[in-house]
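Residue numbering restarts at 1 for every chain, and letters A, B, ... go by the order of the sequence lines.
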Amino acid sequence: MPQQETGTELSQRIKRALKRIPRGKVATYAQIAALAGHPRAVRAVFWILHSSSRKAKLPWQRVINSRGRISLKLGNGYEQQRALLEREGIVFELGGSVDLGRYQWRP
DNA sequence: AGCATGACTAGGC
DNA sequence: AGCCTAGCCATGC
């Protein structure tokens, strides 16, 4: 049977927003929070992403911070996220950031 | 019920 | 430019 949708309505809205990010594009934490209807709920967004059991089936790798950088630390998921994004065609600049003007999802 | 934690952000100095 | 602070939300103990 399908997974039971638990948590608050906000959590579910955040998950729905995450699933809308198209392949090859990225979104910022604030952007997801805004799409979920709570522009200030950024912390709720990364709480969902940081909890591995909740990020199943979610394109968690497409969420980066407002500066276009991956927020994970080296050796703690950073390289995996970067590899996943590069596989989707996203090109990282020398400093390790992505060009938001080029790759940010605009609904 | 209260406090700590977590992949953030914008603003101030 | 880099560091500090406050604001924000859900969850776990």
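Atom-to-atom, NZ of A/Lys15 to C1' of C/dT11 comes out at 12 Å; the value is rounded to the nearest Å. C/dT11 atom P lies 14 Å from atom CG of A/Leu49, rounded to whole Å. Following rounding to the nearest Å, A/Arg69 (CZ) and C/dG2 (P) show an atom-to-atom distance of 12 Å. Look at CZ on A/Arg43: it is 13 Å from C1' on C/dT11, rounded to the nearest Å.
Minimum heavy-atom separation, A/Val42 to A/Pro39: CG2-O, 4.0 Å.
Taking atom C1' on both nucleotides, B/dA7 is separated from C/dC13 by 22 Å, rounded to a whole Å.
If you walk DNA chain B from 5' to 3' and mark each nucleotide with an atom closer than 4.0 Å to a heavy atom of chain A, the marks span B/dG6 to B/dA10.
With sequence neighbours excluded, no residue forms a salt bridge (charged side-chain N to carboxylate O under 4.0 Å, His left out) with A/Glu79.
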Checking A/Leu18 against A/Leu49 for the side-chain contact (heavy atoms from CB on, under 4.5 Å) test, could you report, in this order, the C-alpha distance in whole Å, the side-chain angles of both residues, the deciding distance, and whether it holds? CA-CA 10 Å; A/Leu18 286 171; A/Leu49 296 179; 3.9 Å; yes
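Looking at A/Arg13, its side chain does come within 3.5 Å of a backbone N or O of A/Ala36 through a donor-acceptor pair. Under the 3.5 Å distance criterion, the side-chain polar atoms of A/Glu86 are left unmatched by any main-chain donor or acceptor of A/Ala83.
Across all strands shown, A/Leu10 has heavy atoms under 4.0 Å from sugar-phosphate atoms exclusively, and none from any base.
No hydrogens or angles considered: a donor-acceptor pair under 3.5 Å links the side chains of A/Glu88 and A/Gln61.
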